[in-house]
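Input: a single structure, listed below in structure tokens.
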Amino acid sequence: MPVTYPNRGALAAVLLSVLGLGLGGCDALDSINPFAEKYKPEVIPDVPADKLYSEGLAKMEDSDYEGAVKKFGDLDKQYSYSDWSRKALLMTAYANYEGQKYDDAINASKRYLQRHPASKDAAYAQYLMAMSQYKQIPDVTRDQDRSEKALVALQELVQRYPTSEYASDAKAKIQITRDQLAGKEMEVGRYYLQRRNFPAAINRFRDVISKYQTTRHTEEALERLVEAYMALGITQEAQNAAAVLGHNFPDSPWYKDAHALLQNGGLEPREEKSSWLSRAFSSVTGRTAAIQ
């Protein structure tokens with residue numbers, strides 16, 4: 001017998017019946033799974049960009065930084081790739097910074113710099129990122145990873161935006177951060193010195209002098225080198241360290257201690273001009289003169 005096919009109308013009726021999409025089809029689905037969650041698309045009304053921005057600023061004025069971040073986030077999403085989005089991202093970084101959500105501020109600042117590297121506010125974004133790292137610098141007894149990151153971010157600010165209004169403050173904070181890193185090296189060096197691990201102590205004090213000569217720890221680092229070298233019997237290096245200390249910091253109490261230590265061993269300070277110590281301080285003098 002020949003195969004017969006239902007007409008189009010009959011086929012539609014069958015499909016509706018099978019799929020439960022006829023009248024009351026939804027009820028049929030609900031009866032199969034009464035716990036099924038009905039999807040209702042959320043309709044977000046369009047809010048003018050300037051209104052969202054003003055609302056974010058109002059939250060900032062009320063010190064509701066979390067609320068401000070949400071408003072600026074909405075602005076960024078609803079008006080992507082516009083100048084409002086650029087402003088919103090920068091204000092997101094600022095709101096997080098003011099709210100002490102420093103890691104969030106760092107992330108927002110990085111996104112801003114990635115999207116708008118040539119923006120007139122790029123220097124400010126870099127400053128927010130650097131300051132968010134700087135605010136998290138721990139005390140000298142703890143790991144100084146944050147200090148390292150703060151130093152890098154501050155140096156990038158000065159290098160990339162040397163004429164910006166934030167460069168001067170960044171330079172001051174670079175010195176403070178370097179002092180912090182030097183202080184950590186000194187702490188570890190003293191630890192080794194007290195335990196008579198003189199080679200390890202020398203390495204730490206040398207790092208202070210090589211990397212952080214302009215910090216307040218340099219005088220002590222030189223005197224500690226005299227101690228460690230004398231303890232190892234390396235008198236020539238001890239004499240040289242004391243001479244460099246006396247030449248650069250003649251009135252320092254650390255020089256008086258170093259000089260007395262040498263005298264107790266029947267020695268006097270004697271500088272070796274070709275030594276790494278002398279070269280290190282000559283390079284610092286040259287850089288200082290160039291800056292002035």
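Of the inter-residue distances, the one linking Leu128 atom CG with Thr92 atom OG1 reads 11.0 Å to the nearest 0.5 angstrom.
Both the sub-6.0 Å distance and the 45° axial angle are satisfied by Arg206 relative to the ring of Trp276. Remark: Lys173 is positioned above the aromatic ring of Tyr134, its terminal NZ or CZ atom under 6.0 angstrom from the ring centre and at most 45 degrees off the axis.
Residues Val244 and Phe281 meet the side-chain proximity criterion, which asks for heavy atoms closer than 4.5 Å. Contact of the Gln180 side chain with the Thr215 side chain is not registered, since no non-hydrogen atoms from C-beta on lie closer than 4.5 Å.
Ser147 and Gln144 share a side-chain donor-acceptor pair at under 3.5 Å. If you check the side chains of Ser109 and Tyr97, you find no donor sitting under 3.5 Å from an acceptor.
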Practice task
Take Tyr124 and Tyr166, measure what ring-ring contact (aromatic ring centres under 6.0 Å, His included) needs, and give me the verdict at the end.
Solution key: CA-CA 7 Å; Tyr124 183 56; Tyr166 315 106; 5.5 Å; yes

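Note on Arg111 versus Asp104: no salt bridge recorded, every NZ/NE/NH1/NH2 to OD/OE distance being 4.0 Å or above. Between Arg115 and Asp76, at least one side-chain N (NZ, or NE/NH1/NH2) sits under 4.0 Å from a carboxylate O, which counts as a salt bridge. The pair Glu55-Lys51 counts as a salt bridge, with a side-chain nitrogen and a carboxylate oxygen less than 4.0 angstrom apart.
Side chain of Asp64 to backbone of Met60: no donor-acceptor contact under 3.5 angstrom is found.
With Asp121 as the fixed residue, the side-chain hydrogen bond (donor to acceptor under 3.5 Å, both in side chains) test singles out one of Lys87, Arg86, His116, Gln126: Arg86.
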